[in-house]
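Per chain, numbering begins at 1; letters A, B, ... match sequence-line order.
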Amino acid sequence: MAEAIEVLSAAAALPFPLDERTEIDEGKRLQHRYLDLRRPRMQANLVNRSKVVATMRRTMDQLGFLEVETPTLIASTPEGARDFLVPSRLSPGEFYALPQSPQLFKQLLMIAGVERYYQVARCYRDEDFRADRQIEFTQLDFEGAFWGQEDVLAVLEQVMVAVVGEVRGVQLETPFRRLSYAEAMARYGTDKPDVRFAMELVNLDTVLAATGFTAFAGVLDDGGSVGGINAGALGLSRSGLDAQVERAKVLGAKGLVWMVVEPDGSLRSPVAKFLDETELVALATALRATPGDHLLLVADRPRVVATVLGQLRLDHGRPEGHDDLCPLFVTDFPVFEVEEDGSLVPAHHPFSAPVSVEAMRDTPETALAQAYDLVLNGVELGSGSVRIHDPQVQAAVFEVLGIDAETAQRRFGWFLEALRYGTPPHAGFAIGIDRLVSVLQDEPNIRQVMPFPKTQTGADPLTGSPSPVDPGQLDELGISIRSMVGSSEPAGE
RNA sequence: GGGGGCGUGGUGAAGUCUGGAGUUCACGCCGGCCUGUCAAGCCGGAGGUCGCGGGUUCAAAUCCCGUCGCUCCCGCCA
């Protein structure tokens, strides 16, 4: 029983309630983040994030990894994402870049004889925000010498088992499920499938090979594909079904065919009259249709069919155990991705080893890389690869990627030289800690598990960053600001 | 770069479609009362540039245009 109370520090009326019942405007929360963080849910996020990182460090330490810090003021390597630049006072007109990842430094550490490296590393990428993306974020970065893919995946499993055991108190089953990139795309329409539920994509090309329905036949004749999913008994009205068509169009399809399975097993659909009985039966069989089910069909280029059905699958699919964690390795990524216009763009950074340099050169559209992702409940937690350790292979890969020798030498010459001094074969990975914690905490966006995140426009309402600086500071750096008002494009360019 | 949603006392929402007095609900705040409380209860009160600017109209929170902020998505994220 208290005998007296003394107020050590009075509190002014709070700008918003700290209970969990009301959702406060994000800008206001960030403006008073120190209050927002008092909320029990945010406290829990802080605590479990700390536990995740502590468990990672403990596990990596136990596995014999050496934690090594790498610089955050580095040379710009203008590949991949946009760099953040930091002007140099000592070399006016020149800039450091903030690292997009410690990639090249950890490879240098392999060369340096650090056989097992890890780091909880802050990374910076000047790209647009998403619910799962911030311009600065944190990764568990690791690399091992004399390693191949299996060594990396084994460590990933140990780290994930330890982290999930610590934070969720459940034992993840190992080995984790695996899918090749091609299989993931074919069965789930995405390279980061949520495998907590099925509703898999079904290819209907064979079933409809001889169809007289011109919308399907035309697509198939042009080398396209028809696919479908059984979205289950959604109980949608006619307008609800038509909304699915609109949804498919927003996602990039030219259209969508819906079918509803009647109690007698027949298919009700606006296009049923264009399909013969054999085809309808075969469709129902292929999609394992039972009365009440809604079948959604898309005909288009294979890539469009996959992505649209993959998204519709996420729209309608419901994990049965919503609290389950289903980690998944996606392997055998292609070296290149095919753009809409048919051009090829590298799917990874240029330091990932292709399965075969020859295949990469001769059949680039099907060539595979020794690259892999870790996916958790449909969230891409990170990626890694077996790296190139042979300077000649590295040079060849630069060439195939369209980076000519002169450019490669100018940008990466120092790295190519380093590779010459007996580089061990090596491989590694980076886990996005923010995304991992947001999944573990069942948070809808990454800001909930970052103590001081930025808004979608890259601002911090609390401290007012980014902000103008004194002219004197700019003078020291040899920088003058050109007015950006009224023109997003610099004049004369 | 593009598309969608949101912006209304300190907070969250309704009102906006279909223009008609800053109206309403809950929380908070201030004052009073009551109290075996645990989302306390009762009574009273204060608190507003309906994000901002312009337009249409007799009249705008409401319709139109622009702009800012927050957010979701496409592009982008090697």
Exercise. With the threshold set at 4.0 Å, does a side-chain nitrogen-carboxylate oxygen contact exist between A/Asp25 and A/Arg29?
Worked result: no
Problem set entry | Separation of the P atoms in B/C27 and B/C42, to the nearest angstrom | 9 Å
Exercise. B/C76 pairs with which nucleotide, Watson-Crick or G-U wobble, both distances below 3.5 Å?
Worked result: none
Exercise. What's the closest nucleotide to the A/Asn445 side chain, out of B/U11, B/C70, B/C72?
Worked result: B/C72
For this session: Round to a whole Å and report the spacing from CD of A/Glu26 to C1' of B/C70.
Result: 8 Å
Exercise. B/C73 P sits how many Å from A/Arg247 CZ, rounded?
Worked result: 11 Å
For this session: Output yes when A/Arg130 and A/Asp132 qualify as a salt bridge under the 4.0 Å nitrogen-oxygen rule, no when they do not.
Result: no
For this session: Tell whether A/Arg133 reaches the base of B/C76 with its side chain through a donor-acceptor pair below 3.5 angstrom.
Result: yes
Exercise. When rounded to the nearest Å, what value does the distance between C1' atoms of B/C63 and B/U16 take?
Worked result: 10 Å
Exercise. Does A/Asp128 make a side-chain donor-acceptor contact with the base of B/G75, cut-off 3.5 Å?
Worked result: yes
Problem set entry | Selected nucleotide, minimal atom distance to A/Thr22 side chain, candidates B/C76, B/C77, B/G12 | B/G12
For this session: Using whole Å, report how far CZ of A/Phe129 lies from C1' of B/C72.
Result: 15 Å
For this session: Could you work out the separation of B/G4 and B/G9 based on their C1' atoms and round it to a whole Å?
Result: 29 Å
Problem set entry | Who pairs with B/G12 - Watson-Crick or G-U, where each distance is under 3.5 Å | B/C25
Exercise. Within 45° of the six-membered ring axis of A/Phe65 and under 6.0 Å from that ring's centre, is NZ or CZ of A/Arg116 located there?
Worked result: yes
Exercise. Does the distance from a Lys or Arg side-chain N to an Asp or Glu carboxylate O, for A/Lys192 and A/Asp373, drop under 4.0 Å?
Worked result: no
Exercise. What interatomic distance, in whole Å, is found between P of B/G54 and the corresponding atom of B/G44?
Worked result: 41 Å
For this session: Searching all strands shown, indicate the nucleotide that pairs with B/G47 (Watson-Crick or G-U wobble; both distances under 3.5 Å).
Result: none
Seminar exercise, completed: Checking B/U11, B/C72, B/C77 against the side chain of A/Ile24 (C-beta onward), the nearest is B/U11
Problem set entry | Rounded distance in Å between the P positions of B/G47 and B/G10 | 11 Å
Exercise. What does A/Thr457 touch in the nucleic acid at a heavy-atom separation under 4.0 angstrom: a base, only the sugar-phosphate, or nothing?
Worked result: sugar-phosphate
For this session: Check the distance between B/C73's C1' and A/Asp315's CG and give it to me in whole angstrom.
Result: 12 Å
Exercise. Any cation-pi pair here, A/Arg313 with A/Phe197, using under 6.0 Å and within 45°?
Worked result: yes
Exercise. Of A/Phe333, A/Tyr188, A/Phe329, which meets ring-ring contact (aromatic ring centres under 6.0 Å, His included) against A/Tyr181?
Worked result: A/Phe333
For this session: Return the value, rounded to whole Å, for the distance between atom CD of A/Glu337 and atom P of B/G75.
Result: 11 Å
Exercise. For B/A61, which nucleotide in any strand shown is its Watson-Crick or wobble partner with both distances under 3.5 Å?
Worked result: none
Exercise. Taking atom types as modelled and ignoring hydrogens, do the side chains of A/Gln107 and A/His389 form a donor-acceptor contact shorter than 3.5 angstrom?
Worked result: no
Exercise. Would one find a side-chain N or O of A/Thr455 under 4.0 angstrom from OP1 or OP2 of B/C70?
Worked result: yes
Seminar exercise, completed: Of A/Pro444 and A/Pro346, the one whose nearest nucleotide on RNA chain B sits closer to the 5' end is A/Pro444
Problem set entry | Below 4.0 Å: OP1/OP2 of B/C74 and any side-chain N or O of A/Arg130 | yes
Problem set entry | N-O pairing of A/Glu127 and A/Arg133 below 4.0 Å | no
For this session: Tell whether A/Arg125 reaches the base of B/C77 with its side chain through a donor-acceptor pair below 3.5 angstrom.
Result: no
Problem set entry | Nearest-angstrom distance from the residue atom CG of A/Leu251 to C1' of B/C74 | 10 Å
Exercise. On a whole-Å scale, what distance lies between the C1' atoms belonging to B/U71 and B/G51?
Worked result: 15 Å
Exercise. When the P atoms of B/G15 and B/U8 are considered, how many whole Å apart are they?
Worked result: 14 Å
Seminar exercise, completed: Mate of B/G7 across any strand shown (Watson-Crick or G-U wobble, both atom pairs under 3.5 Å) is B/C68
Seminar exercise, completed: Partner of B/G19 under the Watson-Crick or G-U wobble criteria, both distances under 3.5 Å, comes out as none
For this session: For B/G22 versus B/A14, give the span between their C1' atoms, rounded off to a whole number of Å.
Result: 14 Å
Problem set entry | Length of the CG-P vector between A/Asp460 and B/G69, whole Å | 15 Å
Exercise. Which base, if any, makes a Watson-Crick or G-U wobble pair with B/U37, both distances under 3.5 Å?
Worked result: none
Exercise. Taking the nucleotide of RNA chain B with the closest heavy atom to each, which residue, A/Lys28 or A/Glu127, is nearer the 5' end?
Worked result: A/Lys28
Seminar exercise, completed: Atom CD of A/Gln134 and atom P of B/C72 are separated, to the nearest Å, by 10 Å
Problem set entry | B/U11 phosphate, OP1 or OP2, under 4.0 Å from A/Arg29 side-chain N/O | no
